[in-house]
Amino acid sequence: MSDDIAFLSRLSAAVPADMAEAVRRSADARGITVADYLRGSVQARLLLDGAPVRLLPNLQRTASRPGRGRVI
């Protein structure tokens with residue numbers, strides 16, 4: 001697995017405000033960015049659906065903000 005993956009395409013979806021806030025809190029609790037949280041979520045859903053995708057590297061490496069609590 002190569003760690004040098006280029007993120008050239010974007011996905012976009014409108015969601016209710018409470019869902020967006022829940023994603024922000026969850027990403028912060030894991031210590032990762034919202035983008036990495038969403039990438040991991042989409043990847044997990046695709047794997048559950050049996051879609052052939054190239055797996056992403058470990059997304060836990062990207063800290064969103066140091067010193068933040070891990071409470072959702």
Side-chain angles (χ1 to χ4, degrees):
M1 168 81 46
S2 173
D3 283 339
D4 54 335
I5 292 178
F7 299 122
L8 301 177
S9 297
R10 289 193 172 269
L11 298 175
S12 176
V15 298
D18 62 331
M19 185 180 287
E21 184 55 32
V23 168
R24 287 185 198 98
R25 284 193 316 269
S26 296
D28 192 45
R30 289 178 173 265
I32 60 176
T33 63
V34 168
D36 279 348
Y37 184 88
L38 292 173
R39 287 181 192 111
S41 297
V42 169
Q43 175 179 268
R45 184 69 234 189
L46 289 170
L47 291 173
L48 284 172
D49 290 345
V53 296
R54 187 169 120 194
L55 296 180
L56 297 171
N58 181 3
L59 300 175
Q60 299 281 334
R61 299 168 300 140
T62 308
S64 57
R65 284 175 249 151
R68 298 287 300 221
R70 294 190 174 260
V71 177
I72 294 179

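Relative to the six-membered ring of Phe7, Arg39 meets both conditions, a distance below 6.0 Å and an angle of at most 45° to the axis.
Taken to the nearest 0.5 Å, the CZ atom of Arg54 stands 14.5 Å off from the CG atom of Leu46. The structure places CG of Leu55 at 5.5 Å from CG of Leu47, a figure rounded to the nearest 0.5 Å.
By the side chain to side chain contact (heavy atoms under 4.5 Å, CB included) test, Pro52 pairs with no residue at all, sequence neighbours left out. With sequence neighbours left out, Asp49 forms a side-chain hydrogen bond (donor to acceptor under 3.5 Å, both in side chains) with Arg45.
Annotation for Leu48: hydrophobic cluster partners, listed by chain and number, are none (ILVMFWY side-chain heavy atoms under 4.5 Å, direct or chained). Counting Ile, Leu, Val, Met, Phe, Trp and Tyr side chains that sit under 4.5 Å apart, directly or through other members, Leu8 stands alone, with no cluster partners.
Residues Ala27 and Thr33 share a closest heavy-atom pair of CB-O, 3.8 Å.
Residues Val23 and Val15 fall into different hydrophobic clusters, defined by Ile, Leu, Val, Met, Phe, Trp and Tyr side chains chained together at heavy-atom separations under 4.5 Å. Hydrophobic clustering keeps Leu38 apart from Met19 (ILVMFWY residues linked when any side-chain heavy atoms are closer than 4.5 Å, directly or through intermediates).
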